[in-house]
> 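Pasting in a structure now, in structure tokens, and then I'll have a few things to ask.
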Amino acid sequence: MTNVYDVLKERGFIEQATHEEEIRELLGKESVTFYIGFDPTADSLHVGHFLQMVVMAHMQKAGHRPIVLIGGGTSMVGDPSGKTEMRKMLTLEEIQYNSERFKAQFSRLIDFDNGRAIMVNNADWLAELKYIPFLREIGKHFSVNRMLTAECYKGRLEKGLSFLEFNYMLMQSYDFLELYRRYNCKLQMGGSDQWSNILGGVELIRRVERASAYGLTFKLLTTSEGKKMGKTESGAVWLDPEKTSPYDFYQYWRNVDDRDVEKCLALLTFLPMDEIKKLGSLEGAEINRAKEILAFEVTKLVHGEEEAKKAQKAAKALFANGADLDSVPATEIPRTKLKDGMGILDLLIHVGLTSSKSEGRRLIQQGGLYIEDERVDSIDLNIEEKDFRDNKLMLRKGKKTYLLIKLV
RNA sequence: GGAGAGAUUCCCGAGCUGGCCAAAGGGGGCAGACUGUAAAUCUGCUGGCAAAGCCUUCGGUGGUUCGAAUCCACCUCUCUCCA
């Protein structure tokens, strides 16, 4: 059986490791409990988290036990790594709610049955901490000099860093220690921005427990241009279908840059590597086939096969000849609203295609709006009930944004 | 606690010897052309509205003025240096 470490390495996940050889050996000979921390700062996970879920799934498949650590306690402090500003603090209820949502999303890729994976909240132990004992037991092991030279604080040292946030590293290190004690967790993984926090924990366990602990970071999911992936103009690409529809999710991957296709296939799908290499080497327009597979596979993992098929069908139909279909993003509009007709500019706002009339006016004046594949050339166009065929009307903004309006 | 610097439209960043400022430039975004639902490139747009006009905007509140992003006072916040 191949070592997971090699799998992760081959697929390009790994950025840095504390003890590369030892980790590889450990993963090869025993079932290792490991953890990744997640901040419950939003009510859904996004693509960046998905990458980490995939890693956990690879690990679990190889017989290791994942711990999903919800940072209920640490998120009350806020990780300053790579951030330019202090984060807002969340209430307990929000954190609770967000964690519930997370678990549902994790369950798609990770099996939590019979303790094969665990989900814990670090508020359980962090909230109880007493200041003096904490300083005496944990604080004494940290050198401020060393912390200040850490890469992750560099940016903040120029902009200002509060003592509150400065403590984040201690808390995360303490998490690792606590998980080591409770679950014999020996390995922490995380994004490469977590490197110094992870190191802190590894060293802490070595000092306090005189035990070996390890850390591993993955590459952040970035585009070939170095930008963070999974961000669009309208925000993150979420895993929650309410926040990012399966169709939009599919389209996001369908539209990745040529240069990113192979990387995405390796990191975000479970297709075998030789197949991925083949797909990645397709030339010219051919590479669209690889993109379709990427989009389909990732959508399937996140939203299920059913939704993935629907999204794919919709995309194909729309881009082939503009036929309307059920799985295209759709909005409903009550019949009564259109009794006296509705100006096109108002309609655009109503269905959320534009955010102001000026924007709609510009869109139309620049020839970017189509109704049933006919370019709209007047901003005074009035939409009435009789314009709908079968109670449906297909709008298109630009080349790729379709919206089906249903009359109800 | 003391001394200084600053807060501008989505972001960065000009303007700050008062009217020509809805505010340069860049980034980002949107649209058009080209194309492969890619990239690169080129073009236009990018506060709102009942649109040759009007309204709201330059950290906040007041004031000076015919007129303020620009001047004055107070406040809030941020940064730098000193303790």
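Atom set for the values below is all heavy atoms of this structure, side chains included, hydrogens, waters and symmetry mates excluded. A, B, ... follow the sequence lines: proteins, then strands. Residue 1 opens every chain.
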> Hey, does A:Arg289 reach any base, or is it just sugar-phosphate, or nothing, if we go heavy atoms under 4.0 Å?
nothing
> Can you measure A:Lys400 atom NZ to B:rG29 atom P for me and round it to whole angstrom units?
12 Å
> May I ask you to evaluate whether A:Lys357 reaches the phosphate of B:rA50, defined as a side-chain N or O under 4.0 Å from OP1 or OP2?
yes
> List in chain and number order the residues that pass salt bridge (charged side-chain N to carboxylate O under 4.0 Å, His left out) with A:Glu286, two or more places apart in sequence or in another chain; answer none if no residue qualifies.
A:Arg289
> Side-chain N or O of A:Lys397 less than 4.0 angstrom from OP1 or OP2 on B:rG32?
no
> Pick base, sugar-phosphate or nothing for A:Ser358, based on heavy-atom distances below 4.0 Å to the nucleic acid.
base
> Please give, in whole Å, the distance from B:rC34 P to A:Lys399 NZ?
8 Å
> Taking atom NZ of A:Lys243 as the centre, does the number of heavy atoms from other residues, nucleotides or ligands within less than 6.0 Å exceed 12?
yes
> Once ring pair (Phe, Tyr, Trp, His ring centres under 6.0 Å) is applied, do any residues pair with A:Tyr35, and if so which ones, sequence neighbours excluded?
A:Phe176
> Could you identify the nucleotide paired to B:rA3, looking across every strand shown and requiring Watson-Crick or G-U wobble geometry with both distances under 3.5 Å?
B:rU80
> Tell me what A:Gln365 touches on the nucleic acid: a base, only sugar-phosphate, or nothing, going by heavy atoms under 4.0 Å.
nothing
> Taking OP1 and OP2 of B:rG32, is either one under 4.0 Å from a side-chain nitrogen or oxygen of A:Tyr370?
yes
> Give A:Arg362 one of three labels, base, sugar-phosphate or nothing, depending on what nucleic acid heavy atoms sit under 4.0 Å from its own.
sugar-phosphate
> Name all residues meeting the ring pair (Phe, Tyr, Trp, His ring centres under 6.0 Å) criterion together with A:Phe34; count only those two or more places apart in sequence or in a different chain, and write none if there are none.
none
> For A:Val256, which contact category applies under a 4.0 Å heavy-atom criterion: base, sugar-phosphate, or nothing?
sugar-phosphate
> Between B:rA38 and B:rC30, how far is it from one P atom to the other, in whole Å?
12 Å
> Scan every strand shown for a Watson-Crick or G-U wobble partner of B:rC74, both distances under 3.5 Å, and answer none if you come up empty.
B:rG60
> Suppose the criterion is side chain to side chain donor-acceptor pair (under 3.5 Å): which pairs have a residue in residues 348-357 of chain A, not counting sequence neighbours?
A:Asp346-A:Lys357, A:Ser355-A:Glu359
> What distance, rounded to whole Å, do you find between the two C1' atoms, one in B:rC58 and one in B:rU8?
4 Å
> Please give me the minimum heavy-atom distance between A:Gly280 and A:Glu262, naming the atom from each residue.
CA-OE1, 3.5 Å
> Return the polar atom pairs (N/O with N/O) between nucleotides 42-44 of chain B and the protein under 3.5 Å, or none.
| residue | atom | partner | partner atom | Å |
| --- | --- | --- | --- | --- |
| B:rG44 | N2 | A:Gln366 | OE1 | 3.0 |
| B:rG44 | N2 | A:Gln366 | NE2 | 3.3 |
| B:rG44 | N3 | A:Gln366 | OE1 | 3.0 |

> Would you tell me if any nitrogen or oxygen in the side chain of A:Arg396 comes within less than 4.0 Å of OP1 or OP2 on B:rU37?
no
> List the atom pairs, with distances to 0.1 Å, where a side-chain N or O of residues 299-307 of chain A and a protein N or O form a donor-acceptor pair under 3.5 Å, not counting sequence neighbours.
| residue | atom | partner | partner atom | Å |
| --- | --- | --- | --- | --- |
| A:Thr299 | OG1 | A:Ala295 | O | 2.5 |

> What contact category does A:Ile287 fall into here, base, sugar-phosphate, or nothing, at under 4.0 angstrom with non-hydrogen atoms?
base
